[in-house]
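To keep things clear, I will list the structure first and then write my remarks on it.
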Amino acid sequence: MQVFPFIVVAWIVVVGLYGMVTSRDLIHQVVCLIVVQSSTYVLLLAVGYVTGGVAPYFFDISPRALAVDPVVQALALTDVVVEAAVTALLLSFAVQAYKRFGTLDPHELAEFKG
Amino acid sequence: MTPRQRLWLFAVAVAGLVACYLWAFAGLPGFGDYPGPYGPAILKRVITETNATGVVSAVNFEYRGFDTVGEEFILFTAAAGMSVVLRQLRGERERQSSPTDDAANRQVPATSSAIRIVSLLFVGPTAVIGWWLATHAQTNPSGGFQGGVILATAFFLVYLSGEFIVFRRLSPIALLDAVEAIGAGGFAAVGVIAVAMSLPYLYNYLPLGTIPGAVSSSGTIVLISFLVGIEVAAAFLLIIGELLEQTLLRREGSS
Amino acid sequence: MTPNAVMDILQVTVLVLVAAGATLVVRTRDRVRLVLVLSVYGMLLAILFFVFQAPDVTLSELAVGAIALPLILLLTIAKVRKPQ
């Protein structure tokens, strides 16, 4: 249990990268990029976890209770929302590529220059 | 390079990456043994300094406010970039085929009544929940980012229930552009006002209130959270609106 | 059972489910099926963040990863579909 979340993070990165390398469809590649991004959220939260800690909200519990780290939660929170918009931008590039070249296969797209 | 060669190159590279990962993780303290001074230091003084009981939002908009300004402008730029990329697209398509020609051959299935009723039923509660989340950042697990996305989801429900014309009228692009600009510019302006009062950028200068966790407490955190909420909602609606333009042009001719 | 042991078992279970979910997402090749599997993966991630005592991140991931992102993907797939 001491290192298990970190092993899961490494597994998700490897699986996502494998999917990107062997993909034959631009949309599937973007989804594999989403998977790789999700591994960073898990890593952030795993680093800040305190055994026996509660969520850092003191509305109805004493402020002296043991709580998990709030800074990594703040980072992961803005990360999740912003990466969705960047993924949408990537998908709009994929749509543009389809309209210009008629295909979404990265192996065929690599042969077009400009 | 053939696919097999690419796969072998990938295997070698990923083996090196995994080796570096495991070496790095071996140096970390175990899962749950967080030693770092930053977290407990913030937890000790957040209620006395900001009167906010929602520590994550206080960190987001007060202690790390500068990072949040940067992230919000990433969101703003992504939505603006999508508008630029897809608007050129619409111009090209309009020259090639008119919407009415396509619509004559397409069979648009009508939305079933069950989906219509359930979606329309949930629009109101979802909008209220999104609004509540965006304006109560300092008390509960809430805040501008998630409140804004849930507010945008309420509009998606209108689209899903089949009323695309209503959706288009509820969220015209000019209004969304203006709301998004107000949200992003307002956040930056709150910080600039602090500089004008000869305080550091994004300093918390509004009155902090007396009761920790009340709605009127914690100064600029509430204001910034609300501005971020409307900006995120407008950005997501813009993104979906840009993608919907093509389908709407076709369906308007047939429905 | 002490609360710490219960939390440990819960976290290990959800971590294994997330790893399996990631593998499934990558192995799906059909586009529309991919959207649904991604939505389920988003919900699994939200449960994981909840078990890691982070309710704010749970809300974000649920709204974005299980709803907004699959919708954006579906609209993109509709745009690049070959007209029949």
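To find a chain, count down the sequence lines: A is the first, B the second, and so on, and within it residues start at 1. None of the values given here were measured: they were computed from a predicted structure.
Contacts with chain A were tallied for C/V64, C/L15, C/L69; C/L15 has the most, counting heavy-atom pairs under 4.5 Å. In terms of heavy-atom pairs under 4.5 angstrom with chain A, the leader among C/D56, C/I72, C/L73 is C/D56. The candidate with the highest count of non-hydrogen atom pairs below 4.5 Å against chain C, out of A/G19, A/G102, A/C32, A/P5, is A/P5. Highest contact tally toward chain C, considering only A/T78, A/V68, A/L45, is held by A/L45 [criterion: heavy-atom pairs under 4.5 Å]. Top candidate by heavy-atom pairs under 4.5 Å with chain C, chosen from A/S23, A/G48, A/A55, is A/A55. Ranked by heavy-atom pairs shorter than 4.5 Å toward chain C, the options A/V80, A/V81, A/T87 are led by A/V80. Among C/G65, C/A63, C/A54, the residue with the largest count of heavy-atom pairs under 4.5 Å with chain A is C/A54. Looking only at heavy-atom pairs under 4.5 Å with chain C, the residue among A/V50, A/D79, A/V30, A/L104 that has the most is A/L104.
For A/V8, the part sitting under 4.5 Å from any heavy atom of chain C is the side chain, from C-beta outward, and nothing else. For a residue to count as touching a neighbouring chain, one of its non-hydrogen atoms must lie under 4.5 Å from one of that chain's; by this rule A/T22 touches chain C with backbone and side chain alike. Of the two parts of A/A46, the backbone and the side chain both hold a non-hydrogen atom closer than 4.5 Å to a non-hydrogen atom of chain C. Using a 4.5 Å cut-off between heavy atoms, C/T28 touches chain A through its backbone atoms (N, CA, C, O) alone. Interface remark: C/Y41 contributes side-chain atoms only to the contact with chain A (heavy atom separation under 4.5 Å).
Under 4.0 Å is where a charged nitrogen must lie from a carboxylate oxygen, and between A/D25 and C/R31 at least one such pair does.
Of all non-hydrogen atoms in C/Q53 and A/Q73, the two that sit nearest each other are O-NE2, 2.9 Å. Counting all heavy atoms, side chain and backbone alike, A/Y57 lies closest to C/P55 at CE1-CG, 3.6 Å.
By the 6.0 Å contact criterion, CZ on C/F50 is open, its count of non-hydrogen atoms from other residues, nucleotides or ligands being 12 or less.
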